[in-house]
Colleague: 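The structure follows.
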Amino acid sequence: MTVASTFATSRRSHLCGELREEHVGETVRLGGWVHRTRSLGSIVFLDLRDRAGLIQAACDPRFSPADVIAAADRLGAETVVEVDGVVARRPAEMVNKDMGTGTIELQVTALRIVGPAVTPAIPVARGKDEKLAAEELRLKHRILDLRRPELQANMILRHRLLQVARHAMSSHGFLEIETPILTKTTPEGARDYLVPSRVHPGEFYALPQSPQIYKQLLMVAGYDRYFQIARCFRDEDLRADRQPEFTQIDLECAFVTQEDVQAVVERVLVALWKEAGHDIAIPFQRLSWSTSMERFGIDKPDLRYGFELENWTAHVQGDAATFVHDGITVGGLLRGIRVPGGAALSRKDIDALAATAKSNGLGGLLWAKRTETGWEGQGAKAFGAGTMEKIGGVIGDLIVAGVGADSVALPAMGQVRLELTRRPEHAPATAHAFCWIVDFPLFELDAASGEHTPSHHPFTSPHPDDVHKLESVPWECRAMHYDAVYNGNELGSGSIRITDPAVQETIFRLLKVPAEEIQRRFGFLLDGLAAGAPPHGGFALGFDRIAMLLAGSTSLRDVIAFPKTTAARALFEGAPSPVSARELAALNIAVSIKEQS
RNA sequence: GGGGCCGUAGCUCAGUCGGUUAGAGUGCCGCACUGUCACUGCGGAGGUCGCGGGUUCGAGCCCCGUCGGCCCCGCCA
């Protein structure tokens with residue numbers, strides 16, 4: 001007597017892939033897709049597939065009627081069938097170790113074709129070394145691609161992660177509250193997706209770039225701890241890890257400090273990683289933004305690797321080349337990286353590192369290898385013996401360095417470091433390296449416009465120790481803004497919000513936001529904050545990216561059922577698409593497309 | 001907005017210096033086959049070389065444009 005399957009219905013008793021040796025002897029009824037067929041003439045084997053996996057269904061004259069064998073012989077891939085049969089143990093020499101159901105098979109007694117299928121445009125069943133179809137075709141024929149066990153595993157993992165996130169949030173007292181999808185532009189600064197209003201000609205809703213303002217208003221409204229698995233929309237150009245619509249685990253809580261928020265986020269991340277089979281330690285280490293830039297040249301450092309940036313400015317001696325001295329004289333610093341064993345790198349490898357340095361704005365990359373006979377390379381000549389002595393190193397070392405202002409040299413050397421970490425001979429010291437980046441600058445300078453912009457959003461509270469600088473040296477203010485970083489990936493970010501109207505006013509003034517615009521865009525938030533706002537702060541985790549990383553994938557498209565292309569098209573449904581003149585007229589919209597010259 | 005890579009049979013790819021009839025594997029169709037598991041063997045069908053233009057006696061191959069996909073920069077806190 002066995003327990004009935006959760007998946008039993010009026011039309012089936014089990015999922016194909018969930019049968020095991022304990023079911024041997026049972027008469028079962030299965031439904032599934034024909035994954036592959038192997039016909040030996042009067043014996044036909046079918047691999048039947050469903051979301052639980054594959055099982056071999058054997059059609060053999062010893063237990064199958066002749067018409068079943070004949071029908072099985074004609075089955076094409078991806079046909080949906082229902083089969084009746086008896087679960088039988090396979091003889092030892094016929095066990096398939098690669099299948100979850102490899103020790104058993106179904107002895108088919110009846111077979112019904114319930115969903116005939118045309119020959120699939122792209123293969124669902126793949127041989128061991130067979131490549132995937134082109135991504136374009138996978139997106140166009142998404143239902144077939146989604147049938148592949150790999151993608152099904154990803155979607156199942158995604159589901160489990162969502163449940164874990166919900167449970168973790170709920171168990172810490174967070175209330176799941178939905179916020180509008182048809183809304184008003186939010187302060188993230190990306191382009192909005194707009195939705196025309198039919199009843200208000202000429203007016204538009206915006207899809208939310210995040211529920212930022214709503215969640216702050218929920219704090220004002222007394223909901224204390226809010227979370228949402230929130231869909232967000234940003235009309236910006238895409239990347240492998242960026243989709244126009246994406247999902248955040250969004251949270252906000254009241255009467256908290258930065259540390260309180262971080263503690264909650266850490267617990268959620270522990271739960272998510274555990275669900276994927278990884279035990280991780282908390283609390284994560286904290287790095288200030290400036291420390292991260294100094295040591296790693298980036299605000300999302302991959303701490304699985306060493307190769308930290310070092311400041312060698314003080315090592316420079318009188319015998320160094322003039323250009324080195326000149327670079328330092330104009331305010332630059334010498335930033336170097338030591339690569340143990342790096343002397344084995346070829347000239348081509350080093351040239352590639354130099355190209356990275358140059359494309360990131362450095363004049364060039366100085367390098368030297370420590371060999372049996374001493375330092376070699378252009379860097380050794382440029383620095384001179386005295387400086388090399390100070391920099392030091394053992395035989396086998398490579399040193400690379402660049403001179404420049406921190407705003408250029410640190411990010412550039414950070415990219416050089418990243419390239420070093422990606423080299424196959426450099427194994428990560430650990431599999432999971434989390435950290436918090438804290439004390440971000442409150443503002444950053446926009447290179448294009450020369451204007452200051454909020455580095456997070458305009459409601460981020462200045463660091464209490466820096467509030468006094470707001471009027472005098474605002475660009476030196478740190479923010480109560482923190483990012484969670486994992487293996488060089490930004491998982492999410494958050495901040496403690498401004499609840500003091502005077503501070504908020506100052507921020508808008510510094511950002512040169514006109515009073516009219518403040519009222520128009522953020523009036524309902526400011527009014528809310530004036531209604532009695534508790535101190536509050538929150539966070540948003542990029543859920544798709546987390547699912548991607550835990551699935552071991554490098555593209556968001558592998559963890560989203562129906563993703564968009566890099567041109568923001570949906571190849572499967574064919575969105576976006578033109579609409580009829582009638583629909584446009586109803587929305588009071590006239591379309592004018594600029595002719596290409 | 002900019003840069004790079006790619007586009008040849010349903011799918012994955014090869015295609016030499018620009019040369020006459022564009023190939024392979026797989027899938028598909030047919031035949032054979034009683035223990036296969038990427039079954040095997042034999043036979044067959046299958047091509048707008050993304051699209052448009054140009055150079056040339058001749059273009060899958062060279063040039064220009066264009067469309068689509070992917071990756072990156074800008075952009076996206």
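Numbered from 1 within each chain, the chains take letters A, B, ... in sequence-line order. Here the structure is a predicted model, which means the values were calculated and not measured.
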Colleague: Quote, to the nearest angstrom, the P distance that separates G15(B) from C72(B).
Modeller: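 My reading of the P atoms in G15(B) and C72(B) gives 27 Å.
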
Colleague: Among Ile498(A), Thr499(A), Ile518(A), find the residue that satisfies the side-chain contact (heavy atoms from CB on, under 4.5 Å) test when tested with Gln504(A).
Modeller: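 Output: one option passes, namely Ile498(A).
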
Colleague: Among A38(B), C72(B), C75(B), which is the nearest nucleotide to the side chain of Asp237(A)?
Modeller: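 Closest nucleotide to the Asp237(A) side chain: C75(B).
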
Colleague: Check every strand shown and say whether Glu93(A) touches a base, only sugar-phosphate, or nothing at a heavy-atom separation below 4.0 Å.
Modeller: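 Touches nothing.
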
Colleague: Any side-chain N or O of Lys131(A) less than 4.0 Å from the OP1 or OP2 oxygen of C11(B)?
Modeller: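 The answer is no; no side-chain N or O of Lys131(A) sits under 4.0 Å from OP1 or OP2.
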
Colleague: To the nearest Å, give me how far apart CG (Leu137(A)) and P (C70(B)) are.
Modeller: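 After rounding, the reported distance stands at 12 Å.
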
Colleague: What about Glu135(A), does its side chain sit under 3.5 Å from the base of G68(B) through a donor-acceptor pair?
Modeller: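 Such a pair does not exist between side chain and base.
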
Colleague: Can you figure out which of C39(B), U12(B), C75(B) approaches the side chain of Arg36(A) most closely?
Modeller: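 So the side chain of Arg36(A) is nearest to C39(B).
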
Colleague: Taking the minimum atom-to-atom distance to the side chain of Lys128(A), which one of G35(B), C76(B), A38(B) wins?
Modeller: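 That would be A38(B).
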
Colleague: Is any side-chain N or O of Arg62(A) under 3.5 Å from a base N or O of G35(B), one able to act as donor and the other as acceptor?
Modeller: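 Yes, a donor-acceptor pair under 3.5 Å.
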
Colleague: Which is true for Pro61(A) with a 4.0 Å heavy-atom rule: it touches a base, it touches only sugar-phosphate, or it touches nothing?
Modeller: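 Since a base atom lies under 4.0 Å of Pro61(A), the category is base.
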
Colleague: Under a 3.5 Å cut-off for both contacts, is C70(B) paired Watson-Crick or G-U wobble with anything, and if yes, with which nucleotide?
Modeller: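 Its partner is G4(B).
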
Colleague: Any chance the rings of Phe508(A) and Phe522(A) have centres within less than 6.0 Å?
Modeller: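 Yes, close enough.
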
Colleague: As a test of reading the structure: which of C33(B), G68(B), U34(B) is closest to the side chain of Ser39(A), going by heavy atoms?
Modeller: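 Nearest to the side-chain atoms of Ser39(A), counting from C-beta on, is C33(B).
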
Colleague: Between the base of C37(B) and the side chain of Arg90(A), is there a donor-acceptor distance below 3.5 Å?
Modeller: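 Pair found.
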
Colleague: Round to a whole Å and report the spacing from CG of Asp47(A) to P of C37(B).
Modeller: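 Result: 11 Å.
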
Colleague: Hey, is the side chain of Arg242(A) pairing donor to acceptor with the base of C76(B) inside 3.5 Å?
Modeller: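 For Arg242(A), whose side chain was compared with the base of C76(B), there is a donor-acceptor pair (under 3.5 Å).
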
Colleague: Using the closest heavy atom to pick a nucleotide of RNA chain B for each, name whichever of Phe63(A) or Thr565(A) lands nearer the 5' end.
Modeller: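 Checking each residue's closest nucleotide, the 5'-ward one belongs to Phe63(A).
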
Colleague: Suppose you measure atom C1' in U20(B) against the same atom in G1(B); what distance do you get, rounded to whole Å?
Modeller: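 Straight-line distance between the two C1' atoms is 46 Å.
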
Colleague: If I pick the P atom on A59(B) and the same atom on C63(B), what distance separates them, to the nearest angstrom?
Modeller: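 One P to the other, the span is 16 Å.
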
Colleague: Does Phe524(A) form a side-chain contact (heavy atoms from CB on, under 4.5 Å) with Leu217(A)? I'd like the steps, not just the answer.
Modeller: CA-CA 9 Å; Phe524(A) 69 120; Leu217(A) 290 172; 3.7 Å; yes

Colleague: Could you say whether Ala540(A) or Ala567(A) is positioned toward the 5' end of RNA chain B, judged by the nucleotide with the nearest heavy atom to each?
Modeller: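 Result: Ala567(A).
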
Colleague: Quick one: label Glu490(A) by what it contacts on the DNA or RNA (base, sugar-phosphate, nothing), any heavy atom closer than 4.0 Å.
Modeller: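 The residue Glu490(A) makes base contact.
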
Colleague: Looking at C37(B), C71(B), G69(B), which one has an atom nearest to any side-chain atom of Glu136(A)?
Modeller: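 Nearest nucleotide to the side chain: G69(B).
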
Colleague: Side-chain contact, heavy-atom cut-off 4.5 Å: Thr257(A) with Ile496(A)?
Modeller: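 Not touching, per the 4.5 Å side-chain cut-off.
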
Colleague: Mind listing the residues from residues 120-127 of chain A sitting with a heavy atom below 4.0 Å of RNA chain B? Number order is fine.
Modeller: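 Output list: Ala121(A), Pro123(A), Gly127(A).
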
Colleague: Main chain of Leu75(A), side chain of Thr79(A): is a donor-acceptor contact present, judged purely on distance under 3.5 Å?
Modeller: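 No, because the side chain of Thr79(A) does not come within donor-acceptor range (under 3.5 Å) of the backbone of Leu75(A).
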
Colleague: Please report whether the ring centroid of Phe233(A) lies less than 6.0 Å from that of Phe246(A).
Modeller: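 Ring centres of Phe233(A) and Phe246(A) not closer than 6.0 Å.
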
Colleague: For the pair made of NZ in Lys358(A) and C1' in G3(B), what is the distance, rounded to whole Å?
Modeller: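 So the NZ-C1' distance, Lys358(A) to G3(B), works out to 19 Å.
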
Colleague: Within the pair Arg38(A) and C39(B), is there a side-chain N or O less than 4.0 Å away from OP1 or OP2?
Modeller: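 Yes, because at least one side-chain N or O of Arg38(A) sits under 4.0 Å from OP1 or OP2 of C39(B).
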
Colleague: Sticking with atom P, work out how far U66(B) lies from G23(B), rounded to a whole angstrom.
Modeller: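 Going atom to atom, P in each nucleotide, I get 34 Å.
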
Colleague: Using modelled atom types and a 3.5 Å cut-off, is there a donor and acceptor pairing between side-chain atoms of Thr109(A) and backbone atoms of Asp84(A)?
Modeller: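 Yes, because the side chain of Thr109(A) sits within donor-acceptor range (under 3.5 Å) of the backbone of Asp84(A).
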
Colleague: Using Watson-Crick or G-U wobble geometry with both distances below 3.5 Å, tell me the partner of C28(B), or none.
Modeller: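 Pair assignment: C28(B) / G44(B).
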
Colleague: Let me know which of His35(A), Arg142(A), His141(A), Glu78(A) forms a side-chain contact (heavy atoms from CB on, under 4.5 Å) with Arg147(A).
Modeller: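 Result: among His35(A), Arg142(A), His141(A), Glu78(A), Glu78(A) is the only option passing the side-chain contact (heavy atoms from CB on, under 4.5 Å) with Arg147(A).
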
Colleague: If I pick the C1' atom on C11(B) and the same atom on G47(B), what distance separates them, to the nearest angstrom?
Modeller: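 Their C1' atoms lie roughly 14 Å apart.
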
Colleague: Which word best sums up how the rings of Trp289(A) and Phe440(A) line up, parallel for under 30°, tilted for 30 to 60°, or perpendicular for over 60°?
Modeller: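 Ring orientation of Trp289(A) relative to Phe440(A): tilted.
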
Colleague: I need the CE-P distance between Met94(A) and U36(B), as an integer number of Å.
Modeller: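 Roughly 6 Å, once rounded to whole Å.
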
Colleague: Could you check whether Asp60(A) gets within reach of a base, just the sugar-phosphate, or nothing at all, counting any heavy atom under 4.0 Å?
Modeller: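 Base contact - Asp60(A) has a heavy atom under 4.0 Å of at least one base atom.
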
Colleague: Specify the separation, in whole Å, of atom NE2 of His457(A) and atom P of C76(B).
Modeller: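 Going from NE2 in His457(A) over to P in C76(B) covers 15 Å.
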
Colleague: Rounding to the closest angstrom, what is the interatomic distance between G19(B) and G60(B) at atom P?
Modeller: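 Their P atoms lie roughly 10 Å apart.
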
Colleague: With respect to the side chain of Arg239(A), which nucleotide from C72(B), U34(B), A38(B) is positioned closest?
Modeller: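 The nucleotide sitting nearest to the side chain is C72(B).
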
Colleague: Does a nitrogen or oxygen in the side chain of Thr566(A) sit under 4.0 Å from OP1 or OP2 of C70(B)?
Modeller: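 Answer is yes, contact under 4.0 Å.
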
Colleague: Should the side chain of Glu130(A) and the base of U26(B) be counted as holding a donor-acceptor pair, with the cut-off at 3.5 Å?
Modeller: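 Per atom types, no contact qualifies.
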
Colleague: Can you tell me, in whole Å, how much space there is between the C1' of G58(B) and that of C42(B)?
Modeller: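 It comes out at 40 Å once rounded to the nearest Å.
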
Colleague: What is the nucleic acid contact for Leu132(A), judged by heavy atoms within less than 4.0 Å: base, sugar-phosphate only, or nothing?
Modeller: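 Sugar-phosphate: the residue Leu132(A), judged by heavy atoms under 4.0 Å, touches backbone atoms but no base.
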
Colleague: Can you tell which of Gln258(A), Glu266(A), Glu259(A) makes a side chain to side chain donor-acceptor pair (under 3.5 Å) with Trp436(A)?
Modeller: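 Answer to the side chain to side chain donor-acceptor pair (under 3.5 Å) test with Trp436(A) among Gln258(A), Glu266(A), Glu259(A): Glu266(A).
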
Colleague: Is the shortest side-chain N/O distance from Arg138(A) to OP1 or OP2 of C11(B) below 4.0 Å?
Modeller: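 Checking Arg138(A) against C11(B): no side-chain N or O falls below 4.0 Å of OP1 or OP2.
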
Colleague: Just the rounded figure in Å: distance from C1' of C76(B) to CD of Gln212(A).
Modeller: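 Whole-Å distance recorded here is 16 Å.
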
Colleague: Tell me the partner of C13(B), counting only Watson-Crick (N1-N3 plus N6-O4 or O6-N4) or G-U wobble (N1-O2 and O6-N3) with both under 3.5 Å; none if nothing fits.
Modeller: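 Its partner is G23(B) (Watson-Crick or G-U wobble, both distances under 3.5 Å).
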
Colleague: Nearest whole angstrom, please: distance from the P of G74(B) to the CD of Glu236(A).
Modeller: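 Whole-Å distance recorded here is 13 Å.
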
Colleague: Tell me: CD of Glu78(A) to C1' of G10(B), nearest whole Å?
Modeller: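 Distance, rounded to whole Å: 14 Å.
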
Colleague: Pair Glu490(A), Lys300(A) - check salt bridge (Lys or Arg N to Asp or Glu O under 4.0 Å), show working.
Modeller: CA-CA 6 Å; Glu490(A) 182 194 317; Lys300(A) 45 177 183 176; 6.0 Å; no

Colleague: Base, sugar-phosphate alone, or nothing: which one does Glu105(A) contact when heavy atoms must sit under 4.0 Å apart?
Modeller: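 Touches a base.
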
Colleague: Determine the interatomic distance between C1' on A14(B) and the same-named atom on C6(B); round to the nearest Å.
Modeller: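 Per the computed distance, 16 Å lies between those C1' atoms.
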
